[in-house]
Amino acid sequence: MLDITIPENIIKAIISGKKNKNQDLEKVKIDRILIKDEEVLQVSSYKGKQVFHKNLNDQEINQEIINLLENDFNNASIYTKEFQYNYRITAKGKLLTNRQKNDDDSFVVLAHNKQKKYLIEEGMVVPALVDLGIMAKDGKVLKHGYDKFKQINRFLEIVDDAIKDEKELNIVDFGCGKSYLTFILYYYFVEIKKMNVNITGLDLKEDVIDNCNLIAKKYNYTNLKFYKGDIAKYSEENKVDMIVTLHACDTATDYALYHAINMDVKYIFSVPCCQHEINLQLDSSKFHLMNKYGIIKERFSALLTDSIRANILQYFGYKTQILEFVDFDASPKNLLIRATKVNKGGNLKVKEEVDNLIKEYQIHQTLYSLMFEEK
Ligand SMILES: C[S@@+](CC[C@H](N)C(=O)[O-])C[C@H]1O[C@@H](n2cnc3c(N)ncnc32)[C@H](O)[C@@H]1O
């Protein structure tokens with residue numbers, strides 16, 4: 001009997017080094033996987049060219065590994081999220097063990113993902129996301145793409161939740177960039193839900209727009225079009241039902257909201273970023289405490305900007321909320337303005353509050369100017 005302690009919370013294990021050269025069993029792999037929301041440890045036994053699978057729970061797996069080391073194999077590498085444990089049985093039957101830090105980040109992805117269910121789960125292949133380099137061909141999210149994958153999935157979930165009763169939608173993604181969000185929206189609503197959805201992506205950068213159009217063409221996404229252009233100069237003849245922005249820089253968000261209000265779109269989902277405009281204007285002598293620390297000034301300016309934007313939307317008849325759409329770790333730019341057109345607006349008290357903020361801080365704010373000063 002081997003005196004061996006198997007670690008808890010195994011994510012993966014490889015058992016190898018045949019005791020008997022003639023035995024059929026070549027090696028055994030163990031992987032923690034999700035089956036119908038249940039975590040199991042899948043044991044894959046390699047015999048010649050065949051692989052046999054069985055699923056065990058956390059208690060059963062310990063005895064399984066011990067049996068394999070006693071009867072069939074001399075080596076085992078067992079991985080938990082934190083450590084890799086190595087076991088070797090010498091020719092004299094002595095058990096040698098060591099432990100090292102597990103630096104393989106792909107395990108973190110698995111552990112993370114199993115805590116949260118997304119509309120597009122890891123493992124579901126979204127072809128365009130493979131082309132865009134955040135997903136492998138088998139649907140595994142690559143480490144560098146995980147934060148973006150989380151952001152676009154949460155964004156998708158929030159949109160999906162709001163449009164449950166819609167069958168047809170024209171959507172514009174302002175500042176679409178590489179268009180991870182645009183493609184996941186299209187894939188989910190058109191390819192999976194079979195909705196009649198048209199999406200237009202707009203961005204300043206010619207190379208990213210060309211690439212996005214190539215990908216859309218490759219997958220025959222006929223209702224998805226990308227255009228190069230400045231949001232400020234955007235105009236559209238056709239009806240637009242929804243606009244989305246994800247990290248459209250600084251005042252680009254204001255122009256997007258301006259068009260949304262003017263086009264009377266029903267839904268707005270906007271995650272602003274780089275709110276420099278007010279940051280550069282705050283009067284240091286008047287608001288010394290706010291300006292004393294750069295990070296406070298930056299965050300305060302961003303919050304001031306977004307509260308002005310949200311109130312302007314409310315004034316124009318939108319029911320408006322600001323929510324944290326992902327946690328701060330996934331992106332510090334994590335506030336989403338969600339607005340749905342509910343009435344004609346015109347609440348003077350709301351406008352007065354915005355006027356007061358603008359006067360108090362003596363600032364120019366692009367959306368405010370576009371809506372109230374440049375008419
Ligand atoms: C930080 S990226 C975000 C891209 C994408 N939405 C995402 O989340 O991956 C911001 C994008 O906005 C685009 N952008 C900024 N100002 C713009 C403007 N005035 N008109 C069009 N696109 C603009 C930039 O070219 C850039 O691709």
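In each ligand, atom 1 is the first atom listed, and ligand 1 is the first ligand listed. The first residue in the sequence is number 1, and the count goes up from there.
- In this structure, Phe73 has its ring center no closer than 6.0 Å to that of Tyr87.
- Under a 4.0 Å criterion applied to the non-hydrogen atoms of Cys249, ligand 1 contributes the atoms 10 (C), 15 (C).
- When the heavy atoms of Leu132, Leu204, Ile209, Asp203 are ranked by distance to atom 25 (O) of ligand 1, first place goes to Asp203.
- Listed by chain and residue number, Glu64 satisfy the salt bridge (charged side-chain N to carboxylate O under 4.0 Å, His left out) test with Lys54 (two or more places apart in sequence, or in another chain).
- At a 4.0 Å heavy-atom cut-off, ligand 1 touches Lys148 through the side chain alone.
- Looking at every heavy atom in both residues, Ile120 comes nearest to Phe149 through O-CZ, 3.2 Å.
- When the shell of 6.0 Å around NZ of Lys18 is examined, it contains more than 12 heavy atoms from other residues, nucleotides or ligands.
- The closest heavy-atom contact to atom 21 (C) of ligand 1, among the options Gly229, Cys176, Gly175, comes from Gly229.
- Note: no N/O pair closer than 3.5 Å links Ala252 and ligand 1 by distance alone.
- Within ligand 1, the atoms closer than 4.0 Å to a non-hydrogen atom of Gly177 are 4 (C), 27 (O), numbered from 1 in the order shown.
- If you look at Tyr227 and Phe174, their ring centroids are not closer than 6.0 Å.
- In terms of polar-atom proximity, defined here as any N/O pair under 3.5 Å, Tyr180 makes no such contact with ligand 1.
- At a heavy-atom distance under 4.0 Å, no atom of Ser179 approaches ligand 1.
- Within 6.0 Å of the NZ atom in Lys217, the count of heavy atoms belonging to other residues, nucleotides or ligands does not exceed 12.
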If you apply the rule side chain to side chain donor-acceptor pair (under 3.5 Å), what do you find for Gln281 with His364, and how did you get there? CA-CA 8 Å; Gln281 300 172 63; His364 168 273; 4.8 Å; no
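- Distances from ligand 1 to the non-hydrogen atoms of Lys178 include no value under 4.0 Å.
- By the 3.5 Å distance cut-off applied to N or O atoms, Ala232 is not counted among the residues near ligand 1.
- With a 4.0 Å heavy-atom cut-off, ligand 1 is reached by no atom of Tyr255.
- The protein heavy-atom contact nearest to atom 20 (N) of ligand 1 is Ile231 N, 2.9 Å.
- Remark: Tyr267 pairs with Glu166 by the side chain to side chain donor-acceptor pair (under 3.5 Å) rule, at least two apart or across chains.
- In the vicinity of Asp230, heavy-atom distances shorter than 4.0 Å reach the ligand 1 atoms 18 (C), 19 (N), 20 (N).
- Ring centroids of Phe155 and Tyr180 are separated by 6.0 Å or more, keeping the two rings apart.
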